[in-house]
Amino acid sequence: MITQSTFGEMPDGTVIEQFCLTNNQGVSLEILSLGGIIRRWLIPHNAKPPTDIVLGFDSVQAYLSDDSYLGALVGRYANRIAEGKLCLESKNYQLDINQGDNCLHGGSQGFNNKVWQSTVLSRDENPAIALQLESPDGDQGFPGALSTKVIYTLTESNRLKIEYFATSKRTTVFNPTNHSYFNLSGHNSGSVNNQHIQVVASYYTPTDAHAIPTGELIKVEGTPFDFRKLSTIEQALTSAHPQIQYGNGLDHNLCIDSYDPQSQEAKYAAKATSENTDISLKVYTTMPGIQVFTANHFDHKKGKQDSLYHAHQGLCFETQFYPDSPNQPQFPSATLKAGEAFYSVTEYEVLF
Ligand code: FUC
């Protein structure tokens with residue numbers, strides 16, 4: 001089932017729609033036409049009120065004035081491009097610099113701040129909506145007029161399937177993701193430290209102090225990034241490893257072992273689980289990397305229903321091409337050639 005309502009208005013009066021997708025198992029999701037933001041994700045319990053497993057805000061204004069990308073679609077390029085420098089087919093491009101010296105999450109007016117054109121695709125079984133956006137040539141410095149579409153489908157097996165499609169008139173780079181902050185004990189339940197995660201990744205991409213990859217692929221074995229077996233988030237957060245100290249927690253790209261550039265089938269990559277609620281989340285993707293981020297700098301952020309979000313209160317699993325891949329030729333390439341069709345899919349499955 002899908003219900004549609006008005007969530008609010010942009011400063012120029014554009015109406016922001018809210019779509020509530022509910023499947024026959026009672027899982028329900030609220031998605032906004034602003035940034036494709038996943039605002040609520042409710043998991044039913046037999047006797048108790050449902051658990052809302054994502055962080056979010058209650059107004060358009062709160063989303064526009066925040067820089068944490070809560071629940072949003074991120075593009076054109078998730079994570080950082082060093083100094084916003086891009087060279088494609090021997091041409092240099094300067095991208096918008098919006099964090100330190102770098103371009104973060106597609107620049108200051110990225111996909112998360114755009115109003116997407118929304119269409120309901122299926123109302124009954126497996127409710128689905130499509131969000132579309134035309135990003136003009138030169139948007140945030142990126143070359144090529146880009147047409148993109150994202151389809152959200154809530155399946156009857158409790159998977160949220162997010163499919164990304166794009167074509168560009170000129171050769172460009174494309175690396176979309178979703179920036180949901182999960183807390184499987186509930187968005188307002190304090191830190192995720194005691195929750196367990198697994199990431200099927202044998203390597204990670206270490207960074208400098210400004211979160212730009214050094215270019216190396218390092219084995220996770222013996223580091224706080226070894227999540228090949230289910231382990232607590234706290235184990236990593238309390239580590240004295242310099243990579244953890246840089247960002248006050250996890251903010252790293254792990255290289256997914258099952259990545260197959262030839263395949264369009266989402267493969268199992270990661271899992272999180274809360275012993276408090278017995279809710280688990282599994283992530284499947286076609287992308288090569290996953291940014292594991294623990295909301296490291298949240299400090300009394302005022303969230304939904306007067307909640308306050310603190311450091312380490314959310315966990316992001318951002319599937320992606322590796323950060324700064326346009327400047328790291330040894331990383332899988334995010335180049336999208338003129339006229340070529342881009343497709344990727346990430347699925348978040350909730351078990352409860
Ligand atoms: C993640 C991180 C960044 C940033 C952002 C909001 O993707 O890699 O460091 O803080 O989210």
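Counting convention: from 1, in listed order, for ligands and their atoms alike. Heads up: numbering here begins at 1 and tracks the sequence.
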Can you tell me which residue and heavy atom of the protein come closest to [atom], and the distance to 0.1 Å?
atom	result
atom 11 (O) of ligand 1	H179 NE2, 2.8 Å
atom 3 (C) of ligand 1	R80 NH2, 3.2 Å
atom 7 (O) of ligand 1	E318 OE1, 2.6 Å
atom 10 (O) of ligand 1	F293 CZ, 3.5 Å

Nearest atoms (heavy-atom pairs only) where M10 meets I16: CG-CD1, 3.6 Å

Within reach of ligand 1, part of N296 (heavy-atom separation under 4.0 Å): neither

Ligand 1 contact on H297 by region, counting heavy-atom pairs under 4.0 Å: neither

Flag [X] as yes when one of its N or O atoms lies below 3.5 Å from any N or O atom of ligand 1, and as no otherwise.
X	answer
S68	no
D251	yes
Y69	no

Option passing side chain to side chain donor-acceptor pair (under 3.5 Å) with T319 (candidates N175, T346, N178): T346

Basic-acidic side-chain contact under 4.0 Å: D137, K169: no

D226/K219 salt bridge by N-O under 4.0 Å criterion: no

Ring-face cation contact, Y284 with R159, 6.0 Å cut, 45° max: yes

Any H105 heavy atom less than 4.0 Å to ligand 1: yes

Q264 versus Y343, side-chain donor and acceptor atoms under 3.5 Å: no

Contacts of S344 that satisfy side chain to side chain donor-acceptor pair (under 3.5 Å) - sequence neighbours left out: none

Enumerated ligand 1 atoms positioned under 4.0 Å from heavy atoms of N79: 7 (O), 8 (O)

CA sep, side-chain torsions, deciding dist, call: K301, D66, salt bridge (charged side-chain N to carboxylate O under 4.0 Å, His left out): CA-CA 9 Å; K301 191 187 285 294; D66 186 73; 2.5 Å; yes

